Amino acid sequence: MVVKAPSIPVPKKILTSLLISSDDKDERITPSNKDPIAFTANVAFGVPIHSLTANLNVAPRAPPTPTRIYGFINQPQPLSSINHTQVLTTIGHIMTIWFVTGNSGKVAEAKEFFSQHDIRVEQLKIESVEPQAKDLETVAISKINQGVPHLPNANDMILVEDAGLFVAALDGFPGVYSSYALETIGNHGILKLIDHLKSEDIVTDANLRKAEFRAVAVLYRDGEIIVGKGVCPGRISHDICDGEGFGFDPIFIPADLDIEGNPVAIGEIGHTSTHGKQFGVISLGEKQLYSHRMRALSSLISQLDFLG
Ligand code: ITT
């Protein structure tokens, strides 16, 4: 069941005091998905950033046309039906995927995932422009387009994977502005925004603080692209944990999984659980069971026969 969280009036002085001082004493602003850029900017600087982003250009070439687009999946695709060895042998060398990203945490997770399928993942760092788009897929396809001219070997592939944290009570904020929000208000700021959402009842509390990670992975090879998507439902913790992980890992608790690996309803106890621990304190291997990224990459790999 989707619980529509109430709109939350956030004291502007709390938001602005995260990075700047503000003269406003009692003015309140309400997060809205209608204009998340302006909201992000209000959180960070107290001013809209349309002017800051107006000069950003997307890649000069039109993005490749997606040849296959699959919907969101909630669990890794079964891999047993795919003969990956045959696919690799067919092209005569170990397949390499160049992952266009500046985030080494994402690279580590992708390496771990693709190594199970004898596919090498290398990080491809390029100067890329991230367009301000309303969906992750547009952003990812734009980055693919920018990465294509940098492909070291024509037989190799390019991977872009774009993710975001969507908090229900904040109408999906930070969403596609997750990187920006992390750099500006950080995990501390996200916790402040929903600080008042709490309950003694565990299930109610979890629903008030409901959030999900979404990932869109796009793979390019030889002029064609495939798209895989993954979601990881969960909730925002009350505090920031110490430990490993990156990004929002220290404040995100994934929903438990049932015996088949599907997420159960928020706050319910499942077969597999982190027992209330955030992504930031569990191992990489354990995170893979829940991860939006793993689900998106599983979706991609289930389509690799098309590349052979
Ligand atoms: P790119 O260069 O690949 O764009 P990025 O760090 O900007 O790297 P994304 O746009 O995919 O990555 O992610 C948006 C934000 O969400 C970013 O700040 C990430 O750190 C964070 N994020 C993405 N996946 C995450 C995960 O699995 N755990 C925690 N935070 C995550």
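Atoms within a ligand are numbered from 1 in the order they appear, just like the ligands themselves. Residues: numbered from 1 along the sequence shown. Keep in mind that this is a model prediction, so the values were computed, not measured.
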Phe113 ring centre to Arg293 NZ or CZ under 6.0 Å, with the angle to the axis within 45°? no
For the CD1 atom on Ile202, are there more than 12 heavy atoms of other groups (residues, nucleotides or ligands in this structure) within a distance under 6.0 Å? no
Nearest 0.5 Å, please: how far is CE in Met157 from CZ in Arg120? 11.5 Å
With distance as the sole criterion, is a donor-acceptor pair present between the side chains of Gln146 and Ser142 under 3.5 Å? yes
Roughly how far, to the nearest 0.5 Å, is CG of Leu297 from CD1 of Ile119? 10.5 Å
Taking only residues two or more places apart in sequence, or in another chain, which ones meet Phe252 in a ring-ring contact (aromatic ring centres under 6.0 Å, His included)? Phe213, Phe279
Run through ligand 1 for me and note each protein residue having a heavy atom under 4.0 Å from it, chain first, then residue number. Thr101, Gly102, Asn103, Lys106, Glu130, Lys143, Glu161, Asp162, Ala163, Ser178, Ser179, Leu182, Phe213, Phe246, Gly247, Phe248, Asp249, Lys287, His292, Arg293
